[in-house]
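Down below is the structure, laid out as structure tokens.
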Number of protein chains: 2
Amino acid sequence: MGLKGELLRQRIVAAADQLFYQQGFENTSFNDIASAVEISRGNFYYHFKSKDEILQAVIHNRSEEIKQILDNWDQQHNDPKLGIIHYIDILTTMQENIANSGCPIGGICSELAKIDHAMQDDANQLYTLFIDWLTIKFKQLGHSKNARQLAMHLLARSQGIASVTNSFGDKAFLKYEVKLLKQWLDDITG
Amino acid sequence: MGLKGELLRQRIVAAADQLFYQQGFENTSFNDIASAVEISRGNFYYHFKSKDEILQAVIHNRSEEIKQILDNWDQQHNDPKLGIIHYIDILTTMQENIANSGCPIGGICSELAKIDHAMQDDANQLYTLFIDWLTIKFKQLGHSKNARQLAMHLLARSQGIASVTNSFGDKAFLKYEVKLLKQWLDDITG
DNA sequence: GTCTATATACGGATAGAC
DNA sequence: GTCTATCCGTATATAGAC
């Protein structure tokens, strides 16, 4: 495949990624994606043979993005507590998007679970990337016995915050809850 | 409308309610509902003129159910802390359903937000029923200044727990988090 | 009230011209 | 590689017989 083809493919994935996030997977049609990229539906099928194939590409794309984010944090420093704070701060950084569209991972996982989609497990893996990474950090902080529980607790807290922030479009609530999360982190790290 | 008609209408609402919960609103067709109630699609439109009308009936139905639950708790006793514990215990009572289908309120709110549905605000009102009720309880416990914040905090925690439990189908996680919620309640009530 | 038959629209997917 | 044209299935909704 040529360079131009690769670039277009990447543009399609990026457009689909954004639309799936904003509108949901099922509610996004080929027409929507094709319009966004300004190509015809026919051309579309040259790059992806089915809608599931796009979903797969989108999930893979998000997975790579997450890995890169975590790598970047690790390269900036090796302070586990600071790493966890970086994680919490995503809520603040993404507050506008969260208020409008919720959590990009939670959204796709919930939807795929409801429609009982085959790619459900792949979507859950996006969660697992964060959980595994956070688990390591909590272990480094001395919580070797319940590190994973702490990681999942933090994930669930974030998820709930994103969900409620999205339903009520209430960014003040998000800010307050971020403060609580940092207090919680201080409490368990001393 | 006769008695039989009313009963059938209620059966349709009950079936739609369950299917919307398990499969989502958009992913549930008239055929699905009609099959569940064992009537024809044509008959269907005698009772409901559109799909939105069923959605409205379902949301109203859930609203009445929630009000009744809260009323029942209030009639059993007037201990505010015990009331909040009742709320937390729904997670345990519904753990099987939550593992399979998530939270019935969070599910519909998220979905309607994503498809930008007109009835979004009505769905959010289901949340508000709990928030208002919990706010009163926290006020009675002496947290007059931040009662609503505490109520929304608890709601978000429950929501996150339901969401993660659903994604991973992990009831052990739910049980552990319920324990944490009760610890949190003990901490703020003393 | 309940049914069958049908109108209409849309989404995913394919065929074939260029 | 990109396009237009088209097939096919399904979903909402309506018309009209019984």
Side-chain angles (χ1 to χ4, degrees), chain A residues 1-59 108 111-112 114-120 122-123, chain B residues 1-59 108 111-112 114-120:
Chain A
M1 196 177 290
L3 179 62
K4 197 178 167 191
E6 270 304 311
L7 280 173
L8 180 52
R9 188 192 150 93
Q10 195 46 42
R11 277 175 56 214
I12 294 172
V13 172
D17 195 332
Q18 193 183 6
L19 286 166
F20 289 175
Y21 176 40
Q22 293 169 339
Q23 312 181 342
F25 169 66
E26 287 271 86
N27 194 44
T28 299
S29 69
F30 280 153
N31 250 334
D32 294 334
I33 305 172
S35 302
V37 192
E38 288 178 317
I39 59 169
S40 70
R41 266 185 320 199
N43 187 358
F44 207 98
Y45 281 89
Y46 174 78
H47 297 277
F48 296 95
K49 280 187 279 297
S50 72
K51 200 180 178 185
D52 282 1
E53 220 169 86
I54 305 173
L55 177 62
Q56 194 169 25
V58 166
I59 291 175
I108 197 74
E111 184 176 359
L112 296 188
K114 279 244 180 293
I115 65 179
D116 205 25
H117 195 283
M119 226 155 285
Q120 202 177 331
D122 300 68
Chain B
M1 197 178 290
L3 178 62
K4 195 178 169 192
E6 270 304 310
L7 280 173
L8 179 51
R9 189 192 151 91
Q10 195 46 42
R11 276 174 57 214
I12 293 172
V13 172
D17 196 331
Q18 193 183 6
L19 286 167
F20 289 175
Y21 175 42
Q22 293 169 338
Q23 311 181 344
F25 169 64
E26 289 270 86
N27 195 43
T28 300
S29 70
F30 281 155
N31 247 335
D32 293 336
I33 305 171
S35 302
V37 192
E38 287 178 319
I39 59 170
S40 71
R41 268 184 321 207
N43 187 359
F44 207 97
Y45 280 91
Y46 175 79
H47 297 278
F48 296 95
K49 279 186 280 296
S50 72
K51 200 180 178 184
D52 282 1
E53 219 168 88
I54 305 172
L55 177 61
Q56 195 169 25
V58 166
I59 291 175
I108 197 76
E111 184 175 0
L112 297 187
K114 278 243 180 295
I115 63 179
D116 204 27
H117 195 282
M119 225 156 285
Q120 203 177 330

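Values below: all heavy atoms of this structure, side chains included; hydrogens, waters and symmetry mates excluded. All chains are named by letter (A, B, ...) in the order of the sequence lines, taking the proteins before the strands, and each is independently numbered beginning at 1.
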*Taking protein heavy atoms under 4.0 Å as touching, what does nucleotides 9-16 of chain D look like 5' to 3' if B marks base contact, S marks sugar-phosphate-only contact and - marks none?*
--SBBB--
*Side-chain N,O (A:Tyr46) to OP1/OP2 (D:dT2) below 4.0 Å*: no
*Does A:Asn43 make a side-chain N or O approach to OP1 or OP2 of D:dC3 shorter than 4.0 Å?*
yes
Review item, side-chain donor-acceptor pairs of residues 16-23 of chain A, under 3.5 Å, at least two apart:
unit_1: A:Asp17; atom_1: OD1; unit_2: A:Arg62; atom_2: NE; d: 2.8
unit_1: A:Asp17; atom_1: OD1; unit_2: A:Arg62; atom_2: NH2; d: 3.0
unit_1: A:Asp17; atom_1: OD2; unit_2: A:Asn61; atom_2: ND2; d: 3.2
unit_1: A:Tyr21; atom_1: OH; unit_2: A:Asn97; atom_2: O; d: 3.1
unit_1: A:Tyr21; atom_1: OH; unit_2: A:Gly102; atom_2: O; d: 2.6
unit_1: A:Gln23; atom_1: OE1; unit_2: A:Thr28; atom_2: OG1; d: 3.3

Between [atom2] on [N] and [atom1] on [X], what's the gap in Å once rounded to a whole number?
X        : N      : atom1 : atom2 : result
B:Phe48  : C:dT2  : CZ    : C1'   : 16 Å
B:Phe44  : C:dC3  : CZ    : P     : 12 Å
A:Ile115 : C:dG11 : CD1   : P     : 16 Å
A:Glu38  : D:dT2  : CD    : C1'   : 15 Å
B:Arg9   : C:dG1  : CZ    : C1'   : 15 Å

_Measuring from atom CD1 of B:Ile54 to atom CD1 of B:Ile33, what distance do you get when rounded to the nearest 0.5 angstrom?_
4.5 Å
_B:Asp32: partners by side-chain hydrogen bond (donor to acceptor under 3.5 Å, both in side chains), with sequence neighbours left out_ = B:Ser29
*Under the ring pair (Phe, Tyr, Trp, His ring centres under 6.0 Å) rule, collect the residues that match up with A:Phe30, sequence neighbours excluded.*
A:Phe44, A:Tyr45
_I'd like to know if the side chain of B:Glu111 reaches the main chain of B:Gly24, judged simply by a donor and an acceptor atom lying under 3.5 Å from each other, with no hydrogens or angles considered._
no
*Contacts of type side chain to side chain contact (heavy atoms under 4.5 Å, CB included), residue B:Ser50, not counting sequence neighbours*: B:Asp52, B:Glu53
